A.B. asks: 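Have a look at this one before I ask anything.
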2 protein chains.
Amino acid sequence: MSLFCSSVSLANEHSICLGDVIEKTLVLGKGEFVCRQGQAFDSVYVLQTGSVKTFNMNDLGKEHITGFYHANDIVGFSGIDSGYYPISAKTLETTTICKVSFHKLEKLSTEIPYLKHQIFKIMSQQIVNNQRMLALLGSGSDIKVASFLLSLSARFNREDSPSDFFRLTMSRNDIGGYLGMTVETVSRAFTKFQKENIIKIKGKDISIIDFPAMNSLIDGIKSTSLVKA
Amino acid sequence: MSLFCSSVSLANEHSICLGDVIEKTLVLGKGEFVCRQGQAFDSVYVLQTGSVKTFNMNDLGKEHITGFYHANDIVGFSGIDSGYYPISAKTLETTTICKVSFHKLEKLSTEIPYLKHQIFKIMSQQIVNNQRMLALLGSGSDIKVASFLLSLSARFNREDSPSDFFRLTMSRNDIGGYLGMTVETVSRAFTKFQKENIIKIKGKDISIIDFPAMNSLIDGIKSTSLVKA
DNA sequence: CGAGGTATTGAATCGAATCAAACGTTGTGG
DNA sequence: CCACAACGTTTGATTCGATTCAATACCTCG
């Protein structure tokens, strides 16, 4: 399970019905906005290809990254509560997305309990993912970075190649903004892991070589799922 | 808006119907479990009085606190995704809660679109709250503690007294576990704020004296909600 | 090719964790 | 009701790690 968005499909056997709620499919270039913080909430966005970061600006112009999203992930649910998007979303590369009217989606979910359940599930999953991120609050930079890389890896293995190789579409700066640390510290963690032969990095391409070592790094934040009597 | 749970009521004009989904109302003493990490998910819990912490144990027995909940908050939505509670919940004092069957709640929400919308809203709110917490990832201990206190204050002002005075039902240890810092650092932040006449603390009772100073502390993580052209 | 942004590396500073000890509070049983 | 034990909290001194500042190397794209 990824730190990131949903592995649950909205559609399944009801995919036909979903045609009604898709407003349009958009192709966006690198660095374009999907939605902007403060805009009225009306849609959620389903990524088809590419990747997106969500973030908000603090009063001093520094941006805090709240998440990275890839194919099949859904962006925008956080706008339901207030009726406004609390975050901006920007593409990290050329990206195609489906704009889905939330109003229509919600109406359709009344007719299709399965759809409603899926929405519940996706939102629940986002809560769980965010809480897993929060477990990083107290941990050091190595753990944060390792956890980040493992999440990305898990996210890609799910549907794409089962390989340990993938591409970081976001900048080191974005990673830092996501994990709450500086660019320099991100870079240092990368070089350190590389020297220890845990990963191999070349620019934006990364491969995880030593999964056991990687996993042992994050032992401290993995939670036992046992029920203790 | 609080860092914590929901300010949105499940019921409103439909409160009559909710009688059907409430399994039972429980009174728990201090330190009792509401639900346990790993148990099969079947219910959400609505707090009537008292307070609760949610947490999970990592492999080394240290607990990470994922949230504090008070009257009218709802605990347990994170279990929808996997079908198991990913967290344990424990009372911080004598607490009364309603156990609500999620299965029944979901079925009822099919008949009452308003109810469904409220559930969406509450879950969306939790996503937003968690993301606000995540903004603390990169900030120092003073900011974390100030942010925590302001959230609690906002949470209580909402419905209880409009006073700047409240009681911390959780231990310093719990606060540390929540904010990702040690007990000592929490304590030091408290004494520092007190020396600066920003707050007044006596054991578990706290009053916020200088709100402007408190707010200026967290300027760095407040996000502008403006739409920039 | 050159320029601007992005990434890496190094040295010095600052802040939080850690270790250790004293102080307070709470709850229990004599 | 007091004494004591157990736990929670505060405070201090030291260590360790991340940020900061600064300089250099690397890529990407016009």
Side-chain angles (χ1 to χ4, degrees), chain A residues 29-31 53 60-65 90-94 136-149 167-196 199-206 217 220-221, chain B residues 29-31 53 58 60-65 90 92-94 136-149 167-196 199-206 217 220-221:
Chain A
K30 180 178 176 176
K53 68 173 175 181
L60 273 152
K62 192 184 165 197
E63 61 184 35
H64 176 245
I65 313 284
K90 206 179 211 179
T91 56
L92 295 167
E93 58 192 318
T94 303
L136 297 179
L137 253 176
S139 49
S141 58
D142 289 355
I143 293 177
K144 283 177 179 171
V145 172
S147 169
F148 171 73
L149 293 177
R167 176 160 254 266
L168 301 167
T169 56
M170 70 293 291
S171 71
R172 307 284 196 265
N173 217 334
D174 287 339
I175 297 173
Y178 181 59
L179 297 174
M181 49 203 263
T182 59
V183 206
E184 292 97 324
T185 309
V186 174
S187 182
R188 277 185 245 272
F190 280 167
T191 27
K192 185 185 168 197
F193 290 162
Q194 187 155 235
K195 276 180 186 161
E196 290 167 347
I199 62 172
K200 197 158 114 36
I201 288 222
K202 180 75 187 300
K204 297 204 162 300
D205 293 321
I206 180 167
L217 273 174
I221 59 162
Chain B
K30 180 177 175 177
K53 68 172 174 182
N58 63 24
L60 272 153
K62 192 184 163 195
E63 60 184 34
H64 177 245
I65 313 283
K90 206 180 213 180
L92 295 168
E93 58 191 319
T94 303
L136 297 178
L137 253 176
S139 49
S141 58
D142 289 355
I143 292 177
K144 283 177 180 170
V145 173
S147 170
F148 170 74
L149 293 178
R167 176 161 254 266
L168 302 167
T169 57
M170 69 294 290
S171 72
R172 308 283 196 267
N173 216 336
D174 287 338
I175 298 173
Y178 181 60
L179 297 174
M181 50 203 262
T182 59
V183 206
E184 293 96 323
T185 310
V186 174
S187 182
R188 277 185 244 272
F190 279 169
T191 31
K192 186 183 168 199
F193 289 163
Q194 187 155 233
K195 276 180 187 162
E196 290 167 345
I199 62 172
K200 197 159 114 33
I201 287 221
K202 179 74 187 299
K204 296 202 162 301
D205 293 321
I206 181 167
L217 274 174
I221 59 161

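Worth saying up front: this structure is predicted, and the values here are computed from it rather than measured. Numbers restart at 1 for each chain; the letters A, B, ... are given by sequence-line order, proteins then strands. When reading the values below, keep in mind they use all heavy atoms of this one structure, side chains included, and skip hydrogens, waters and symmetry mates.
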A.B. asks: Return whichever of Gly180(B) or Lys30(B) has its heavy-atom-nearest nucleotide of DNA chain C closer to the 5' end.
C.D. replies: Gly180(B)

A.B. asks: Does Gly140(A) reach a base, just sugar-phosphate, or nothing at all? Heavy atoms under 4.0 Å.
C.D. replies: sugar-phosphate

A.B. asks: Send over the distance from Asn173(B) CG to dC7(D) C1', rounded to a whole Å.
C.D. replies: 11 Å

A.B. asks: Looking at residues at least two apart in the chain, or sitting in another chain, which of them share a side chain to side chain donor-acceptor pair (under 3.5 Å) with Lys192(A)?
C.D. replies: Asp142(A)

A.B. asks: Are side-chain heavy atoms of Tyr178(B) and Met170(B) found at a separation under 4.5 Å?
C.D. replies: no

A.B. asks: How close or far is atom C1' of dC27(D) from atom NZ of Lys204(A), stated in whole angstroms?
C.D. replies: 10 Å

A.B. asks: Side chain to side chain contact (heavy atoms under 4.5 Å, CB included) with Ser141(A): which residues, sequence neighbours excluded?
C.D. replies: Met181(A), Thr185(A)

A.B. asks: Are Lys144(A) and Val186(A) close enough that some pair of their side-chain heavy atoms sits under 4.5 Å apart?
C.D. replies: no

A.B. asks: Between P on dA18(D) and NZ on Lys144(A), what's the gap in Å once rounded to a whole number?
C.D. replies: 8 Å

A.B. asks: Taking atom NZ of Lys62(A) as the centre, report whether more than 12 heavy atoms of other residues, nucleotides or ligands fall under 6.0 Å from it.
C.D. replies: no

A.B. asks: Just the rounded figure in Å: distance from P of dC27(D) to CG of Asp205(A).
C.D. replies: 12 Å

A.B. asks: How would you list, by chain and number, every residue that makes a side chain to side chain contact (heavy atoms under 4.5 Å, CB included) with Ile143(A), sequence neighbours excluded?
C.D. replies: Leu136(A), Ser139(A), Ile218(A), Ile221(A)

A.B. asks: First and last nucleotide of DNA chain C in contact with chain A, 5' to 3', at under 4.0 Å to a heavy atom: what are they?
C.D. replies: dA7(C) to dA11(C)

A.B. asks: By nearest nucleotide on DNA chain D, pick out whichever of Ser171(B) and Ser141(A) is the more 5' one.
C.D. replies: Ser171(B)

A.B. asks: Between Glu63(B) and Asp174(B), is there a side-chain heavy-atom distance shorter than 4.5 Å?
C.D. replies: yes

A.B. asks: Under a 4.5 Å cut-off applied to non-hydrogen side-chain atoms, are Ile206(A) and Phe193(A) in contact?
C.D. replies: no

A.B. asks: Is the closest side-chain heavy-atom distance between Ile175(A) and Ile65(A) below 4.5 Å?
C.D. replies: no

A.B. asks: Need the bend value for the helix from dC1(C)-dG30(D) to dG30(C)-dC1(D): angle between end axes, 5 pairs each end, nearest 10°.
C.D. replies: 40°

A.B. asks: Over how many whole Å does the gap from Ile206(B) atom CD1 to dT9(D) atom P extend?
C.D. replies: 13 Å

A.B. asks: I need the residues from residues 183-190 of chain B with at least one non-hydrogen atom less than 4.0 Å from DNA chain C; give them sorted by number, or say none.
C.D. replies: Glu184(B), Thr185(B), Arg188(B)

A.B. asks: When you look at NZ of Lys30(B), are more than 12 heavy atoms from neighbouring residues, nucleotides or ligands closer to it than 6.0 Å?
C.D. replies: no

A.B. asks: Return the minimal non-hydrogen interatomic distance between Ala189(A) and Val145(A), and the atom names on each side.
C.D. replies: CB-CG2, 3.7 Å

A.B. asks: Which whole-number value in Å describes the distance from Leu168(B) CG to dT10(D) P?
C.D. replies: 10 Å

A.B. asks: What integer distance in Å separates Arg172(A):CZ from dT28(D):P?
C.D. replies: 11 Å

